[in-house]
Amino acid sequence: MSASGTVPSREGTVAVIVLTFNQRELTLRFLESLYESGPGPTHVLVWDNGSSDGTVEAVRKGFPEVLAHRSDANLGVASGRNAGAALAIETWAPDFLLFLDNDMELETGFVTELLDVLRSDSKVGQVQAKLRFMHDRERLNDGGGCRINFLTGDTVPVGIDEVDRGQHDQVKPCIACGGAMMVRTELFESLGGFDGTFDPFGPEDLDFSLRLKERGFEALFVPTAVAYHIVSHTYGAGYSADYARHKARHWVTFLSRHGTWYQKAGFYLVGAPYVALRLVLREGRRGNLGAVKGVLRGLADRVLRRP
């Protein structure tokens with residue numbers, strides 16, 4: 001990396017990092033899609049976060065060209081991706097890292113479309129693909145990164161649930177989500193990768209993209225790189241107490257790092273009471289009071305700085 005904060009633009013090699021946990025068949029289908037979408041990446045690494053379903057053995061048998069590694073424990077999303085990236089860098093020294101969720105199907109030319117934009121300008125440090133829903137292939141899951149509402153703690157993909165009529169088909173700056181994004185390896189290492197503070201899940205990807213921007217690099221949305229996403233997380237399906245606690249803890253950490261003073265004041269004075277009331281009403285109707293307790297515990301943990 002140069003002293004001016006730019007990374008030299010190179011043709012370069014690409015390593016794909018795929019994180020998985022007890023999703024053998026899903027991972028195998030994803031790898032089929034990845035190779036069918038060619039021209040593909042130079043290298044592919046599957047980091048298995050401690051599965052017990054034989055994922056690594058199945059990948060090695062079906063895709064011997066893929067480097068598959070099983071961790072002894074589930075490291076979480078941030079640390080799992082970091083560990084996979086470290087192994088890829090040690091093994092191949094790629095110029096670019098492409099992080100992909102394993103619940104996607106890629107359109108033809110996916111990797112090339114991202115790579116072309118990333119290497120077109122040395123100030124572009126990160127690019128993100130367009131995502132449509134797998135179950136409704138005309139409808140957007142993500143049409144331009146994430147919108148962050150610091151007042152209410154909501155993080156919502158741009159254009160989510162919209163029918164894709166081309167309204168988001170412009171290369172544009174974004175806060176990139178981590179499930180389909182490419183980054184310069186040197187920059188990833190310089191930023192220390194994803195922050196393990198956010199383990200076991202989120203919003204480590206948004207934190208990374210904002211830190212990248214603070215370093216003076218651009219993150220761009222690339223609408224010509226298209227994937228179809230199953231969206232296996234539980235939007236609106238009700239939170240477990242543990243999930244709710246982590247979500248609340250991580251939001252306070254994220255807010256303290258990236259929010260302005262008035263955004264922080266607005267969240268604690270207005271947003272937090274509103275979110276708590278909304279959660280009580282929603283989860284109370286479901287009989288899921290554990291989630292309410294989890295959120296309150298998570299907020300208290302961060303405010304009182306409990307581990």
Side-chain angles (χ1 to χ4, degrees), residues 1-10 12-21 41 43 45-50 67 69 71-101 114 118-119 122-128 145-146 148 155 173-220 246-247 249-259 301-302 305 307:
M1 185 176 300
S2 70
S4 63
T6 62
V7 178
S9 181
R10 298 180 290 186
T13 54
V14 178
V16 169
I17 313 299
V18 184
L19 194 66
T20 185
F21 178 68
H43 307 289
L45 182 146
V46 171
W47 182 272
D48 186 315
N49 240 349
L67 175 58
H69 178 89
S71 171
D72 291 334
N74 190 334
L75 304 181
V77 175
S79 294
R81 283 176 173 162
N82 286 345
L87 181 55
I89 293 167
E90 177 184 353
T91 305
W92 301 304
D95 298 305
F96 304 96
L97 299 170
L98 174 55
F99 294 91
L100 290 174
D101 285 349
L114 289 175
L118 186 54
R119 64 188 178 185
S122 62
K123 291 297 290 182
V124 178
Q126 179 185 35
V127 289
Q128 183 205 304
C146 188
I148 301 171
T155 55
C174 69
I175 300 171
C177 301
M181 77 88 168
M182 186 183 291
V183 63
R184 298 179 186 274
T185 301
E186 291 179 73
L187 181 55
F188 183 81
E189 292 184 292
S190 175
L191 289 168
F194 299 105
D195 189 344
T197 300
F198 296 104
D199 285 329
F201 47 78
E204 78 293 329
D205 51 350
L206 307 183
D207 169 75
F208 177 83
S209 193
L210 289 174
R211 288 191 288 120
L212 180 144
K213 288 171 170 286
E214 290 164 3
R215 185 68 67 87
F217 290 88
E218 285 189 285
L220 295 180
H246 283 297
K247 185 177 176 67
R249 284 165 57 98
H250 292 172
W251 173 254
V252 174
T253 300
F254 184 81
L255 174 67
S256 65
R257 182 176 294 179
H258 299 292
D301 287 346
R302 293 295 88 189
R305 301 187 181 277

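In this text, all values refer to a predicted model and were calculated from it rather than measured experimentally. Atoms considered below: every heavy atom in the structure, side chains included; atoms not considered: hydrogens, waters and symmetry mates.
- Of the possible donor and acceptor atoms, none in the side chain of His43 sits under 3.5 Å from a partner among the backbone N and O of Ile17.
- Ring-centre distance between Phe188 and Phe99: below the 6.0 Å cut-off.
- Across all their heavy atoms, Leu118 and Arg184 have their closest contact at O-NH2, 2.6 Å.
- Put simply, the side chain of Ser79 does not reach to within 4.5 Å of the side chain of Glu204, judged on heavy atoms.
- For the atom pair Ile148 CD1 and Ile175 CD1, the distance stands at 4.0 Å (nearest 0.5 Å).
- Without hydrogens or angle criteria, Lys123 side chain to Gly216 main chain gives a donor-acceptor distance under 3.5 Å.
- Within the 4.5 Å cutoff, the side chain of Thr155 has heavy atoms near those of the Trp251 side chain.
- His258 has its ring centre less than 6.0 Å from the ring centre of Phe254.
- Using a distance-only test at 3.5 Å, with no hydrogens or angles considered, a donor-acceptor pair links the side chain of Thr185 to the main chain of Asp95.
- Under a 3.5 Å cut-off, the side chain of Asn49 and the backbone N or O of Ser71 do not form any donor-acceptor pair.
- Ring-plane geometry between Phe198 and His250 is classed as perpendicular, the angle between the planes exceeding 60 degrees on a 0 to 90 degree scale with a lower cut at 30.
- Val14 is not listed as a side-chain neighbour of Pro94, based on a closest heavy-atom distance of 4.5 Å or more.
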Where do Thr13 and Trp92 land on the side chain to side chain contact (heavy atoms under 4.5 Å, CB included) test, with the steps shown first?
CA-CA 9 Å; Thr13 54; Trp92 301 304; over 6 Å; no

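- Using a 4.5 Å heavy-atom cutoff, the side chains of Asn82 and Leu75 are not in contact.
- When all heavy atoms are compared, the tightest approach of Arg215 to Ser190 is NH1-OG, 2.6 Å.
- In this structure, CD in Gln126 is found 11.5 Å from CG in Leu97, a value given to the nearest 0.5 Å.
- Contact record, Cys177 with Asp205: CA-OD2, 3.5 Å, taken as the closest heavy-atom pair.
- Val18 pairs in a side chain to side chain contact (heavy atoms under 4.5 Å, CB included) with only one of the listed residues (Asp48, Leu45, Val46), which is Val46.
- Judged purely by atom type and a 3.5 angstrom limit, Ser256 uses its side chain to pair as donor or acceptor with the backbone of Val252.
- Asp195 and Arg211 make their closest contact through N-NH2, 3.9 Å (heavy atoms, listed as atom of the first residue, atom of the second, distance).
- Taking all atoms of both residues into account, the shortest heavy-atom contact from Pro173 to Lys213 is CB-NZ, 4.4 Å.
- Side-chain contact between Ser209 and Gln128 is absent, with no heavy atoms from C-beta onward closer than 4.5 Å.
- Once rounded to the nearest 0.5 Å, the distance linking CG of Leu19 with CG of Asp101 reads 8.5 Å.
- Between the side chain of His69 and the main chain of Gly84, no donor-acceptor pair closer than 3.5 Å is present.
- Contact annotation: the side chain of Asp207 never approaches that of Thr197 to less than 4.5 Å [non-hydrogen atoms, C-beta and beyond].
- Residues Met182 and Leu114 share a closest heavy-atom pair of CE-CB, 4.0 Å.
- Looking only at distances, no side-chain donor or acceptor of Asn74 sits under 3.5 Å from a matching main-chain atom of Gly50.
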